[in-house]
Number of protein chains: 2
Amino acid sequence: MTLAYDSIEESVVTAILAGRLRPGTRLGEAKLAEIYGVSRTRVREAMMRLEARGIVHVSARRGWFIVEPSATEARAAFQARRLIEAGMLRALDHVPADAIAHLYAHVQEERRALDAGQVGSRTCLLGDFHIHLAHAFGNPFLTDILRDLTARTTLVSMLYQSDQHAAESSDDHDRIVALLAAGDFAGAATLMDEHIRRVEDGLDLAVARDPLAGLREILSPGAPAVSTAFPNAAISNAGGEET
Amino acid sequence: MTLAYDSIEESVVTAILAGRLRPGTRLGEAKLAEIYGVSRTRVREAMMRLEARGIVHVSARRGWFIVEPSATEARAAFQARRLIEAGMLRALDHVPADAIAHLYAHVQEERRALDAGQVGSRTCLLGDFHIHLAHAFGNPFLTDILRDLTARTTLVSMLYQSDQHAAESSDDHDRIVALLAAGDFAGAATLMDEHIRRVEDGLDLAVARDPLAGLREILSPGAPAVSTAFPNAAISNAGGEET
DNA sequence: CTGATCAATCTTGTATACAAGATTGGTACG
DNA sequence: CGTACCAATCTTGTATACAAGATTGATCAG
């Protein structure tokens, strides 16, 4: 197809939102080229676009990596989301019934994934709620901006995860939709601000981030011996959770 | 240098903010490559990044063009700016004295350009005010987002320009800084919202945009005969004005 | 056995070649 | 005179070649 870089671009963002790509993961040009059946040229174009969106960064002659937001960047990303998402809700003056229905259906999907213990789709759905909300607002620029910001905060959650209250997040989502349905936009905006702040507060941003943390933990004395055939499967869920 | 695409990217955005690049302008790869002394590869990389940022778009096998926002997109861009910029000011709880001084100095620069009738630098300065404000807020993500949104609204102003009250805009800027200095952040936020709305209302978004408008006007009966040696100099100011 | 040096290998950075669609100008035909 | 067709030209789309830096693993000195 003529839009292969679009496909690569979207795949990467989707994989991040689903928690399948961890921060710091290296994206080799040759490997991606083979996966997508194109030359490195197209892959590089996709990477350039992703870098402009702040999703990946390049280390000279070493490769492309999923960004690893610092604690400062993490706070900035959450602040940006709070500001924009609360602002959107506050600016609303009417929500069509079918949009409400759509959002409710989404929350119920979250619930199902939650009950079924499907961590992967749960992560994806919790992040998607915010993107759907932005979509319902009807401003394509803000939707795009929020998609990228949500991707970043998903990465942040993977890096600084301490406790993730998926159930509480879904409850918040439910209440936000209820307030919107009732026409209480200011209330919904306030709740959204609190909701995102709660997620941020649930992280361990105070701790200076140690690049070897993952390895250190694995190798700590008393850690169980690794016995799986795939000690570091890149495909499986990485455990980061979204709002 | 190793960052040529960065240089190309920034040049284009800067030229838009300064009103030197009009919406719809074609950016030929070969031409840019020669200007910057690099191969088309680097130019394409820069274009890809600019497209991801919504600054240019590509028409298959015809070339790269500065985006021409539709009336709907124009409204969305202004809405996004209102929401984010007002939200930023409302979220403030302290502005350092030197930041205030910096902003005041900027407003005075606006005044000087205004009095001197320098249309080019005036356009640039009026847009830059908002970017400096975002910078003062200290959230790099929001700063980047606003730079791109401001570039878009600058393009909108060039397309739908009806009346541009540069002096009033500068007055608004002055009053916003005064409110910030006084610690009245809610007031500053409200004024910012009104300010951006005023600029938007000053445009002719109701009129269905005619792609031939420029040409039609030039060729209208009674138009003065063209007598300059450079009937359509691409370098000079294009007349679009910013907030 | 430890540590440093160096060569082989891998990966990205950049340019260039060539294919394919779009534009343009001219020519022939009605 | 006007219109349709066609060839020459230009521009982008994609792949590939090659250069240059980074990594890795082996070899050798201490």
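As a basis for the values below, the full set of heavy atoms in this structure was taken, side chains included, without hydrogen atoms, waters or symmetry mates. All of these numbers come straight from a predicted model, not from anything done at the bench. The chains referred to below are lettered A, B, ... by the order of the sequence lines, with proteins before strands, and numbering in each begins at 1.
- Distance CZ (B:R42) to C1' (C:dT16): 14 Å, rounded to an integer number of Å.
- Residue B:F65 contributes atom CZ, which lies 10 Å from atom C1' of D:dT11 at whole-angstrom precision.
- Going from atom CG of A:L27 over to atom P of C:dC10 covers 20 Å, rounded to whole Å.
- One can place CE of B:M47 at 15 Å from P of D:dT11, the figure rounded to the nearest angstrom.
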Under the side-chain contact (heavy atoms from CB on, under 4.5 Å) rule, what do A:L27 and A:F65 come out as? Steps first, then yes or no, please.
CA-CA 6 Å; A:L27 301 174; A:F65 299 86; over 6 Å; no
Going through the distances and angles, do B:R42 and B:L32 end up as a side-chain contact (heavy atoms from CB on, under 4.5 Å)?
CA-CA 10 Å; B:R42 313 270 289 269; B:L32 290 177; over 6 Å; no
Can B:L146 and B:H130 be said to form a side-chain contact (heavy atoms from CB on, under 4.5 Å), step by step?
CA-CA 8 Å; B:L146 275 177; B:H130 294 263; over 6 Å; no
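- Summarising the geometry, the separation between NZ on A:K31 and P on C:dC10 is reported as 13 Å, rounded to the nearest angstrom.
- If you take OH of B:Y36 and P of C:dT14, they are 16 Å apart, rounded to a whole angstrom.
- Summary of helix geometry: the two end axes of the helix from C:dC1-D:dG30 to C:dG30-D:dC1, each defined by five base pairs via their C1' atoms, are inclined to each other by 10° (rounded to 10°).
- Looking at heavy atoms from C-beta onward, A:R26 lies out of side-chain contact with A:W64 at the 4.5 angstrom threshold.
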Could you run through nucleotides 17-25 of chain C and give me one letter per nucleotide, 5' to 3': B if any protein heavy atom sits under 4.0 Å from the base, S if only the sugar-phosphate is that close, - if neither?
---BSSS--
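- In B:E34, the CD atom is not crowded: 12 or fewer heavy atoms of neighbouring residues, nucleotides or ligands sit closer than 6.0 Å.
- Close to D:dA15, at under 4.0 Å from its OP1 or OP2, lies a side-chain N or O of A:S39.
- The environment of A:H106 atom NE2 is dense: over 12 non-hydrogen atoms of other residues, nucleotides or ligands sit within 6.0 angstrom.
- Judged as a salt bridge (Lys or Arg N to Asp or Glu O under 4.0 Å), the pairs with a partner in residues 53-62 of chain A (not counting sequence neighbours) are, in order, A:E9-A:R53, A:E10-A:R53, A:R53-A:D148.
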Check step by step if side-chain contact (heavy atoms from CB on, under 4.5 Å) holds for A:I196 and A:F78.
CA-CA 7 Å; A:I196 299 180; A:F78 275 108; 3.7 Å; yes
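- One finds a side-chain N or O of A:R44 lying less than 4.0 angstrom from the OP1 or OP2 phosphate oxygen of C:dG13.
- Note on B:E73 versus B:R152: no salt bridge recorded, every NZ/NE/NH1/NH2 to OD/OE distance being 4.0 Å or above.
- Between the P atom of C:dT14 and the CD1 atom of B:I8 lies a distance of 11 Å, rounded to the nearest Å.
- Regarding A:E29, its CD atom lies at a distance of 12 Å from the C1' atom of C:dT14, rounded to whole Å.
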